[in-house]
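Heads up, the thing below is written out as structure tokens.
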Amino acid sequence: EQGWYHSSRVALLFGDVENGYSLQHSSGFKLNRLLSVGIGVGLENYAPGGYDPVTVPLFVEARGYLTKQRIAPFYSLGAGWSFIGKEQQVFDWWGGDANTDNWKGGWMAQGQIGYRIGNHFLTFIGIRLQRMERDWDNAAWGGGFGTDRHLKKRVELGIGLLL
């Protein structure tokens with residue numbers, strides 16, 4: 001119940017309009033069965049095929065297992081900062097003026113509950129919050145510009161591998 005842990009996870013992110021995916025890996029130290037602390041990194045897309053960029057979250061997490069059984073419920077809480085993988089997008093609609101989007105990352109928070117199955121598998125459900133900003137310049141439509149602040153709220157359903 002003590003020692004290092006490594007956890008890799010893949011999840012589908014479900015939103016009210018857009019769905020996405022998440023890949024994450026975290027490593028840390030198990031203090032005891034109920035509490036482990038670690039750091040993690042991921043790759044997330046909240047709207048594949050849309051205009052939202054890919055984000056790269058860096059986060060700290062706390063996790064634990066509630067029983068000693070082979071199939072044990074677990075929790076995981078994480079918070080950190082996400083960076084944008086593609087910072088600028090230019091949309092040139094008719095070969096003239098272009099629309100430009102500059103994305104900036106922001107804070108992220110997540111919570112997961114699920115089951116550890118044996119020593120190496122996880123299944124979970126969770127919630128993911130991601131703050132992002134988009135500075136836009138709409139030169140093609142009269143030169144408007146502004147900043148949009150987005151808070152992505154997603155339910156996640158995933159599986160994982162423990163090492």
Results of side chain to side chain donor-acceptor pair (under 3.5 Å) for N19 - residues two or more places apart only: none

Indicate the atoms forming the closest heavy-atom contact of [X] with [Y], along with that distance.
X    : Y   : result
N45  : P53 : OD1-O, 4.4 Å
L43  : P57 : N-CD, 4.0 Å
Y5   : S36 : CE2-CB, 3.7 Å
P48  : G20 : CD-CA, 3.6 Å
I71  : T67 : O-OG1, 4.3 Å
M108 : S82 : CG-OG, 3.7 Å

Report yes if the side chains of [X] and [Y] come closer than 4.5 Å at any heavy-atom pair, otherwise no.
X    : Y    : value
L129 : Q110 : no
Y75  : Q112 : no
R134 : H150 : yes

Sequence-distant partners of R63, salt bridge (charged side-chain N to carboxylate O under 4.0 Å, His left out), two or more places apart: E61

Residues which pass salt bridge (charged side-chain N to carboxylate O under 4.0 Å, His left out) with R70, listed by chain and number, not counting sequence neighbours: none

Considering residues at least two apart in sequence or located in another chain, which fulfil the side chain to side chain contact (heavy atoms under 4.5 Å, CB included) criterion with [X]?
X    : result
S8   : H25
V155 : I125
I39  : V60

Whichever hydrophobic residues join L122 through chains of side-chain contacts under 4.5 Å: Y65, F74, F124, L162

Just list the side-chain donor-acceptor pairs under 3.5 Å for residues 9-17, sequence neighbours left out, or say none.
from : atom 1 : to  : atom 2 : distance (Å)
R9   : NH1    : S7  : O      : 3.3
R9   : NH1    : S7  : OG     : 2.9
R9   : NH1    : S26 : OG     : 3.1
R9   : NH2    : Q24 : OE1    : 3.1

Salt bridge (charged side-chain N to carboxylate O under 4.0 Å, His left out) pairs, two or more places apart, involving residues 35-50: E44-R128

Pairs where residues 18-37 contributes a residue and the test salt bridge (charged side-chain N to carboxylate O under 4.0 Å, His left out) is met, not counting sequence neighbours: E18-K152, E18-R154

Worked verdict on W103 versus M132 for side chain to side chain contact (heavy atoms under 4.5 Å, CB included): CA-CA 7 Å; W103 288 89; M132 294 190 285; 4.3 Å; yes

Euclidean distance, D135 CG relative to D148 CG, rounded to 0.5 Å: 8.5 Å

Give a yes or no on whether [X] and [Y] share a hydrophobic cluster (residues Ile, Leu, Val, Met, Phe, Trp, Tyr; joining criterion: side-chain heavy atoms under 4.5 Å apart).
X    : Y    : answer
I117 : L161 : yes
L23  : L157 : no
F83  : W107 : yes

Contacts of W4 that satisfy ring-ring contact (aromatic ring centres under 6.0 Å, His included) - sequence neighbours left out: F29

All pairs passing side-chain hydrogen bond (donor to acceptor under 3.5 Å, both in side chains) where residues 114-124 contributes a residue, at least two apart: none

I113 CD1: over 12 foreign heavy atoms closer than 6.0 Å: no

Pair W81-V56, side chain to side chain contact (heavy atoms under 4.5 Å, CB included): steps then yes or no: CA-CA 8 Å; W81 193 266; V56 178; over 6 Å; no

